[in-house]
Amino acid sequence: MAEVIYEARGVGKTFGSVTALADAGFQIRAGEVVGLVGDNGAGKSTLVKILSGVHQPTTGSVLLDGVERRWNSPAEALDAGIETLYQDSGLCADLSISANVYLGREILRPGLAGKLGLLDHKAMATRAKEGLERAGIGVAGGSRPVGTMSGGQRQAVAIGRAITWARKLIILDEPTNHLGARQAAEVLQVIARAKEQGLGVIFISHTLPHVLEATDRIVVLRLGRVIADAPTSSFTPDSLLKVITGLAGT
Ligand SMILES: Nc1ncnc2c1ncn2[C@@H]1O[C@H](COP(=O)(O)OP(=O)(O)O)[C@@H](O)[C@H]1O
Ligand SMILES: [Mg+2]
């Protein structure tokens, strides 16, 4: 089995009197896709925010490559190779695909006295194309504004951007939301590509067929606790729904 790359260990998080997470833990290995599911309010987003450095845990810790880390900001987790894609993809509609891939990480050509940098559009376009190809995303018309693309293509670009930069882990919060069936299938294929490259993927979705199709293992949260953590093959659509809702029988 591949080595564990990231782990949440005994993570608790309280907001005032609200306990969002209590003693939550799971591990993710290189090349593994883990589904994180649970009803609204189960604590999924809070756990993602702790894994990606947005929040600090109240108790417990996160370990990257077996070393306990404390992220003081999302930038620190990013620097460590952890990419997070939130529901709202954060792409700029007016910019091209390659400009979006490099948003906030632009390649500068050294300017006069090495001070005033100029954007190196050519280098960015080439590398963005490479990154997206690695993600299995066709980049015909890479210079056209992202705003002219379909929702599925935009989501693919957002994931492609994450794959371009991720060195360890990609966290995808509801990436197939609001997508048509074919577009969602494309996104699931991109997830499979990330896995082939040895990245860990955390996939959050309410669409259980997608979770059952795309993941190797499923972690179920309920009221801030991990109540199931098992290989995807051990669930049926019915049994997974019952674990999530806590409703046995019927
Ligand atoms: N910033 C916050 N302040 C107060 N309560 C919060 C905050 N973020 C989340 N919560 C609470 O924590 C619990 C878990 O929320 P969340 O992690 O968003 O669940 P999920 O993503 O599974 O729907 C909920 O009861 C929610 O109201
Ligand atoms: Mg949420």
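Whatever order the structure lists ligands and atoms in, that order sets their numbers, starting from 1. Side chains included, hydrogens not; waters and symmetry mates left out as well; all remaining heavy atoms used. Nothing here was measured: the structure is a model prediction, and the numbers come from that model.
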For ligand 1, the residues whose heavy atoms come within less than 4.0 Å (ordered by chain, then number): Phe15, Val18, Ala20, Asp39, Asn40, Gly41, Ala42, Gly43, Lys44, Ser45, Thr46
Do Thr14 and Thr19 get their side chains close enough for a donor-acceptor pair, meaning under 3.5 Å?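 Not at all, the side chains of Thr14 and Thr19 share no donor-acceptor pair under 3.5 Å.
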Short question: side chain of Ser239, backbone of Phe235 - any donor-acceptor pair under 3.5 Å?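 No; zero donor-acceptor contacts below 3.5 Å.
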Of the non-hydrogen atoms in Gly25 and Val226, which two are nearest, and what is the gap between them?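 Looking at all heavy atoms of both residues, the shortest contact is O-CG2, 3.6 Å.
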Below 3.5 Å, can you tabulate the donor-acceptor pairs from side chains in residues 60-71 to any protein atom, sequence neighbours excluded?
residue : atom : partner : partner atom : Å
Asp65   : OD1  : Lys168  : NZ           : 3.4
Asp65   : OD2  : Lys168  : NZ           : 2.8
Trp71   : NE1  : Tyr6    : OH           : 2.8

The Mg ion (ligand 2) reached by Thr46 (N, O or S, under 2.8 Å): no
Taking only residues two or more places apart in sequence or in another chain, which ones pass salt bridge (Lys or Arg N to Asp or Glu O under 4.0 Å) with Lys195? Asp216
I'd like to check the ring-ring contact (aromatic ring centres under 6.0 Å, His included) partners of His55; sequence neighbours left out, ordered by chain and number. Phe15
